[in-house]
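The structure presented is a predicted model; accordingly, all values stated were derived computationally and were not measured. The sequence lines fix the lettering, A, B, ..., with proteins before strands; numbering per chain opens at 1.
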Amino acid sequence: MPPPDAGVDTVEPDAVAAGLDALDTPDPGSSRTPVWRRIARTAVPPLVTLVLVIGVWQALWALAFWPEFKLPAPATVGGELWARLTSGEALGFIWTSVHRAVLGFLIGVAIATPIGLVVAKVRFVRAAIGPLLSGLQSLPSVAWVPAAVLWFGVTPTTIYVVLLLGSIPSIANGLVAGIDQIPPILPRAGKVMGAGRLAGARHILLPAALPGYLAGLKQGWAFSWRSLMAAEIIATSPDLGTGLGAYLDNGRFLADMPTVISAIVLILFVGVGIELLVFRPLERVVLAARGLGGAL
Amino acid sequence: MTAILEPETQSTVEHAVRLSGVRKAFGTGARSVVALDGVDLAVEPGEFVCLLGASGCGKTTLLNLVAGLDAVSGGEIELNTARPAVMFQEAALMPWLTASRNVELPLRIAGVKRADRRRRTAELLDLVRLGEVGDKRPHELSGGMRQRVALARALASAVHGAGGGKQALLLMDEPFSALDAITRDVLQAELLRVWRTTGTAVLFVTHDVREAVRLGQRVVLLSSRPGRVVQEWQVDRLSAAGEAKTVDEINGRLREVISSHAAA
């Protein structure tokens with residue numbers, strides 16, 4: 001080592017360091033794009049798709065390949081949808097289904113989170129139920145409906161059981177994947193800072209696993225929604241009220257194609273809407289804080 | 001600057017850490033690999049020691065043992081310090097925390113009160129000349145700046161709990177090897193300045209002879225497989241010519257050590 005006041009550092013190290021800092025600091029996001037342009041960029045492409053789909057549908061209908069009761073005109077379906085929406089019935093269906101899905105999803109999160117943590121961190125538990133969790137994820141939740149109906153009858157319990165069996169595996173798996181993807185250097189850094197098991201989980205493990213966990217939640221929501229629809233379509237009863245699934249099954253029962261298509265549109269609409277309004281913004285905040293997710 | 005950054009006052013302890021006959025083997029039985037065998041090494045309080053060796057000489061293993069990330073297979077490590085702080089080759093900053101929250105993290109884990117934490121964090125960031133970018137997140141900083149945040153975090157961890165007979169000890173595992181030459185040069189100067197300000201003992205692992213001679217007061221050469229101390233050089237306050245000569249000498253010895261493996 002050179003003596004403090006001589007040696008290699010003759011070139012004003014402070015100035016060099018300051019220059020490096022100025023050059024190295026990444027540009028903090030150049031001028032922001034205006035709001036209308038961002039909206040145009042995200043909203044226009046899906047609108048184009050929608051218009052195209054309706055156009056093809058209209059053309060197919062005009063060519064009259066299929067009888068009217070199999071392929072109604074877009075306008076007929078639009079009329080049905082409009083009638084349901086203006087009468088407020090559609091809102092009732094949506095409310096019945098969405099409040100079930102949200103409640104079930106929250107219960108699912110509460111159950112799946114500890115399961116995911118234990119599976120990720122305890123080797124024996126992972127070996128014991130890890131494969132089962134992955135397997136359950138690929139089992140269509142409709143498969144649970146007959147069993148649930150036999151166990152609990154056509155009751156709300158049946159619907160919630162099916163929904164939970166659909167959502168818990170994917171939420172738990174998401175958390176496990178999130179924890180598995182933590183760079184090993186971070187827990188090591190935590191350990192040398194003196195973080196024990198508990199402090200390590202709180203300050204390092206959980207925040208580091210958050211992006212994966214969030215992806216799991218998003219998928220868990222999709223699974224909840226799908227399972228709920230399966231349950232509602234099969235287990236229909238006047239006592240259960242009419243959700244979107246029951247509305248769809250009504251259409252099948254009455255052989256009324258416009259109702260069937262309207263129901264499908266509404267189911268899609270709710271699923272996509274929750275994803276866009278709840279999960280997308282959450283994900284954007286979490287990823288942006290970590291310098292990830294440039295595509296969002 | 002307040003007390004935490006002042007050089008350590010005279011102490012009665014003569015070494016910060018002492019390794020005697022330290023041995024480390026991985027695996028068991030016939031397939032075990034001996035990484036370190038009979039390593040004797042002492043670091044004085046406030047001393048800057050560079051550990052030098054070719055790859056596979058167990059430099060990192062040695063640091064892990066001192067850091068308490070791993071247990072020795074034999075011998076003894078005697079620490080007269082607070083929990084040693086470690087700086088890795090990567091900055092290993094928490095990507096979701098701002099620079100200042102990263103520096104604060106070891107203090108949070110140690111249960112230091114908020115106001116105290118904030119004050120020390122600000123001091124340490126100023127020390128590594130990053131007072132202005134405390135609110136930035138790691139991905140908004142350059143590699144060199146990240147490594148300086150990591151240095152500030154390591155200091156927060158090292159200096160906390162030091163005092164009262166406890167020395168501060170900083171373990172550094174090739175912290176600058178992933179940086180470009182100019183940044184490395186600047187950071188080496190920065191590290192020397194910080195070391196002089198804080199008076200922490202430093203055990204610095206590197207495979208770069210020039211870096212070892214420039215930074216250290218003492219350079220310790222380890223052999224490879226198993227790692228043993230081969231030779232030591234006092235390199236404090238060398239003239240430019242003396243420094244060049246020592247670099248050549250150590251390079252020659254290092255080559256000897258490496259080529260001895262070709263025969264085996």
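With 3.5 Å as the limit, one finds no donor-acceptor pair spanning the side chains of B/D135 and B/T98. Checked by atom type, the side-chain pair A/Q219/A/Q137 shows a donor-acceptor distance below 3.5 Å. Residues B/E211 and B/Q188 have side chains that bring a donor and an acceptor to within less than 3.5 angstrom of each other.
Listed for the A/H203 side chain is no donor-acceptor partner under 3.5 Å among the backbone atoms of A/A199. Using a distance-only test at 3.5 Å, with no hydrogens or angles considered, a donor-acceptor pair links the side chain of B/W195 to the main chain of B/G46.
Proximity to chain A (any heavy atom under 4.5 Å) is shown, for B/A92, by both the backbone and the side chain. Of the atoms belonging to B/N64, it is side-chain heavy atoms, and not backbone ones, that fall under 4.5 Å from chain A. Neither the backbone nor the side chain of A/L210 comes within contact range of chain B; no heavy atom of the residue lies under 4.5 Å from a heavy atom of that chain. Contacts of B/P84 with chain A are made by backbone atoms alone, with heavy-atom separations under 4.5 Å and no side-chain atom involved. Contacts between B/I182 and chain A at a heavy-atom distance below 4.5 Å involve backbone atoms as well as side-chain atoms. For B/R218, no part lies under 4.5 angstrom from a heavy atom of chain A. For B/R193, no part lies near chain A; criterion is any non-hydrogen pair under 4.5 Å.
Between B/R184 and B/D180 there is no salt bridge, since no side-chain nitrogen of the basic residue lies less than 4.0 Å from a carboxylate oxygen of the acidic one.
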